[in-house]
Protein chains: 2
Amino acid sequence: MNPHEESRCENCIIRELNALRSLKKEELKAISDSKVSRTIKKGESIFKEGEKLNGVFCVRDGVSKLSKLSENGKDQIVKIASKGEVMGQRSLIAEEAANLSAVALNDMQLCFIPKENFTESLSKNPEFIQALLKNMAHELKMADDVIVNMAQKTVNQRVAGILLYLDTHFGTDADGYLSLVLSRNDIADVVGTATELCIRTLTKFKKEGLIETEGKRIKISDREGLDQLWEGV
Amino acid sequence: MNPHEESRCENCIIRELNALRSLKKEELKAISDSKVSRTIKKGESIFKEGEKLNGVFCVRDGVSKLSKLSENGKDQIVKIASKGEVMGQRSLIAEEAANLSAVALNDMQLCFIPKENFTESLSKNPEFIQALLKNMAHELKMADDVIVNMAQKTVNQRVAGILLYLDTHFGTDADGYLSLVLSRNDIADVVGTATELCIRTLTKFKKEGLIETEGKRIKISDREGLDQLWEGV
DNA sequence: CGTGCGTTTGAGAGGGGTCAAGTTGGGTGG
DNA sequence: CCACCCAACTTGACCCCTCTCAAACGCACG
């Protein structure tokens, strides 16, 4: 195997974005030898809640939604994972089945890192654990904030919120449209409401001059306005 | 200082309930020498969101609510911490200000462990980090579940949910009333609704024979019924 | 050229928020 | 011990938000 191959973990830049950056040369080599790179097409499932994971998935390119099915039969999107993020680590750490399902929102490139490599580093590399710990601490804060927003903000505010989130995290294309295009249904699943209400909110925003739309693509025309809405002014 | 004193960490049973159980003898001694035991009365504040914490609080007795103020001016209770739980560790790990405020729900006994001791063990004791990591992983799962419930369940269901939670986590007294007594306002803040609606829901439950009340105390008379409500049957 | 999925709009019912007005109950000072 | 007071609790009324069912529309794909 060619050690200079681009697909080798030692040479992967993505690593710098997450806790895997703390891994040592030998660990990376071991992972590189056993990891599996995979291409996932838009809409395909990566893993499902309740499934026992035997490794983690490092997102090399593309975006995935992490959702959970509620008892009322509706999906709730809890998190959106993109380049550099590692999916499934929580389950492996807690030694539990996956709590969320992961589905690709567009074409993705993933690296699957087997459980053994992950737990090996987990038990032997203190810096790696530290990095992971810090990562989880951050995720926990985010989750707490989401709880507050879900409980206290209206659908209007939450829709404004996700538009702002998509803008700051994924940016816009040349025409100013949000780069990450979600279906109305997915937006509704993030916001935690019915698709119809989500659509109505968007048309209302359009009427008020906050956004423009072209098909399912959305352009933010008044960020200030959305910000104020989000903050409840 | 008497090493057999009950207040010494080495002899503290509470420790077994959390990640501190992984600490070594010397670490415990060091902590014991610098820790501060504190008594907090019902309603008193332990720390506030935005505050820089210089240590963690180990709950030796009593119960605390961890809440966050939403922009609309209402408090959202995110978590209820009781005997054996450690408050503030997330902030210290992430090296951030506190994201939540902690207020005592009844009289409490706390041990304050200075930042230095905590971070010292954090950087030197792999077992301790592992335990912490697992703990955070579990909290993260809980938080994700709360997000789904907040987004997808009705107020009725969420009120039923917290009653069941109080029952399983804090039990009942001799008369069958829930041991942990919350004000209607606190219940509303957990559920994420207005106090009035919370009260109305409770009176409805009473009319339906699911619960009985005496003052602010609540007795569950039909656990099955609440379970079914919670699960959306 | 249909067929199916995603999107959009309408209308009605019920849930939930809010304001305002009582009521209770526990604590305090006389 | 009683009277008082304040905070917590309770209830009513009203209106807006949100959910749901239903139907029409567009677009892509076979």
Side-chain angles (χ1 to χ4, degrees), chain A residues 41-43 65 70-77 103 105-106 149-162 177-178 181-208 211-218 229 232, chain B residues 41-44 65 70-77 103 105-107 149-162 177-178 181-208 211-218 229 232:
Chain A
K41 286 209 190 99
K42 174 175 176 173
K65 63 176 173 182
S70 174
E71 271 130 352
N72 64 13
K74 275 169 59 181
D75 246 351
Q76 176 66 38
I77 296 180
V103 173
L105 285 174
N106 47 36
N149 291 332
M150 281 297 176
Q152 302 287 353
K153 292 201 190 281
T154 66
V155 169
N156 268 326
Q157 292 179 300
R158 303 204 301 267
V159 171
I162 189 192
Y177 287 91
L178 294 175
V181 178
L182 295 183
S183 74
R184 301 297 186 244
N185 200 348
D186 279 337
I187 297 180
D189 283 352
V190 172
V191 170
T193 187
T195 309
E196 297 95 323
L197 187 45
C198 163
I199 290 173
R200 266 181 258 266
T201 305
L202 288 175
T203 58
K204 203 190 67 168
F205 284 179
K206 187 154 65 169
K207 221 172 282 175
E208 293 170 352
I211 63 171
E212 296 168 42
T213 61
E214 185 196 296
K216 56 194 324 201
R217 298 194 309 151
I218 298 174
L229 221 180
Chain B
K41 286 208 190 99
K42 174 176 176 173
E44 280 182 8
K65 63 176 173 183
S70 174
E71 271 130 352
N72 64 11
K74 275 170 58 181
D75 246 350
Q76 176 66 37
I77 297 180
V103 173
L105 285 175
N106 46 36
D107 292 353
N149 290 333
M150 281 296 175
Q152 302 286 354
K153 293 201 189 279
T154 66
V155 169
N156 268 329
Q157 292 178 300
R158 303 204 301 266
V159 171
I162 188 191
Y177 287 91
L178 293 175
V181 177
L182 296 183
S183 74
R184 301 295 186 246
N185 202 345
D186 280 337
I187 297 180
D189 284 352
V190 172
V191 170
T193 187
T195 309
E196 297 94 322
L197 188 44
C198 163
I199 290 173
R200 265 182 259 267
T201 305
L202 288 176
T203 58
K204 203 189 68 170
F205 283 180
K206 186 154 66 170
K207 220 173 284 175
E208 293 170 352
I211 62 171
E212 296 168 41
T213 60
E214 185 196 296
K216 56 194 326 198
R217 298 196 308 152
I218 298 173
L229 222 180

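All values below come from the heavy atoms of this structure, side chains included, with hydrogens, waters and symmetry mates left out. Reminder, nothing fancy here: chain letters follow the sequence lines and each chain counts from 1.
Atom NZ of A:Lys204 is separated from atom CD1 of A:Ile199 by 15.0 Å, given to the nearest 0.5 angstrom. Remark: B:Asn156 CG to B:Thr201 OG1 distance equals 5.0 Å, nearest 0.5 Å. Here the CZ-CD1 distance, from B:Arg184 to B:Ile218, works out to 4.5 Å after rounding to the nearest 0.5 Å. A:Leu202 contributes atom CG, which lies 12.5 Å from atom NZ of A:Lys216 (distance to the nearest 0.5 angstrom).
Listed nucleotides D:dT10, C:dG16, C:dT7 differ in distance to A:Asn185; the shortest reach to its side chain belongs to C:dT7. Side-chain proximity of A:Arg184 to the nucleotides C:dG16, D:dT18, C:dT8 is greatest for C:dT8.
For the pair A:Ser183 and B:Thr193, nearest-nucleotide mapping onto DNA chain C gives the more 5' position to A:Ser183. DNA chain C is contacted by both B:Arg158 and A:Leu202; A:Leu202 maps to the nucleotide lying nearer its 5′ end (nearest heavy atom per residue).
Atom pair A:Asp189:CG and C:dG6:C1' shows a separation of 13 Å (rounding to whole Å applied). Atom CG of B:Leu105 is separated from atom P of D:dA8 by 13 Å (rounded to the nearest Å). At whole-Å resolution of the value, NZ in A:Lys42 and P in C:dC5 are 16 Å apart. When the P atom of D:dC16 is taken as reference, atom CD of A:Gln157 falls 17 Å away, rounded to whole Å. Here the P atom of nucleotide C:dC5 and the CG atom of A:Asp186 are 16 Å apart, to the nearest Å. One atom, CZ of B:Arg200, and another, P of D:dA13, lie 11 Å apart when rounded to the nearest Å. The distance from atom CG of A:Asn156 to atom C1' of D:dC16 is 12 Å, rounded to the nearest whole Å. If you take CD of B:Glu214 and C1' of C:dG26, they are 15 Å apart, rounded to a whole angstrom.
Contact annotation for B:Thr195: no contact, since no heavy-atom pair falls under 4.0 Å across all strands. At the heavy-atom level, A:Leu197 lies under 4.0 Å from the strands shown only through sugar-phosphate atoms.
A side-chain hydrogen bond (donor to acceptor under 3.5 Å, both in side chains) with A:Lys65 is found for one member of A:Asp186, A:Asp189, A:Asp75 and no other, namely A:Asp186.
Looking at A:Glu71 and B:Lys153, their side chains come closer than 4.5 Å, going by heavy atoms from C-beta outward.
B:Glu196 contributes no side-chain N or O that forms a donor-acceptor pair with the base of D:dC9 under 3.5 Å.
Under the 4.0 Å criterion applied to side-chain N and carboxylate O atoms, B:Arg217 and B:Glu214 are assigned as salt-bridge partners.
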Identify each atom pair where a protein N or O and an N or O of nucleotides 23-30 of chain D are less than 3.5 Å apart, giving names and distance.
none

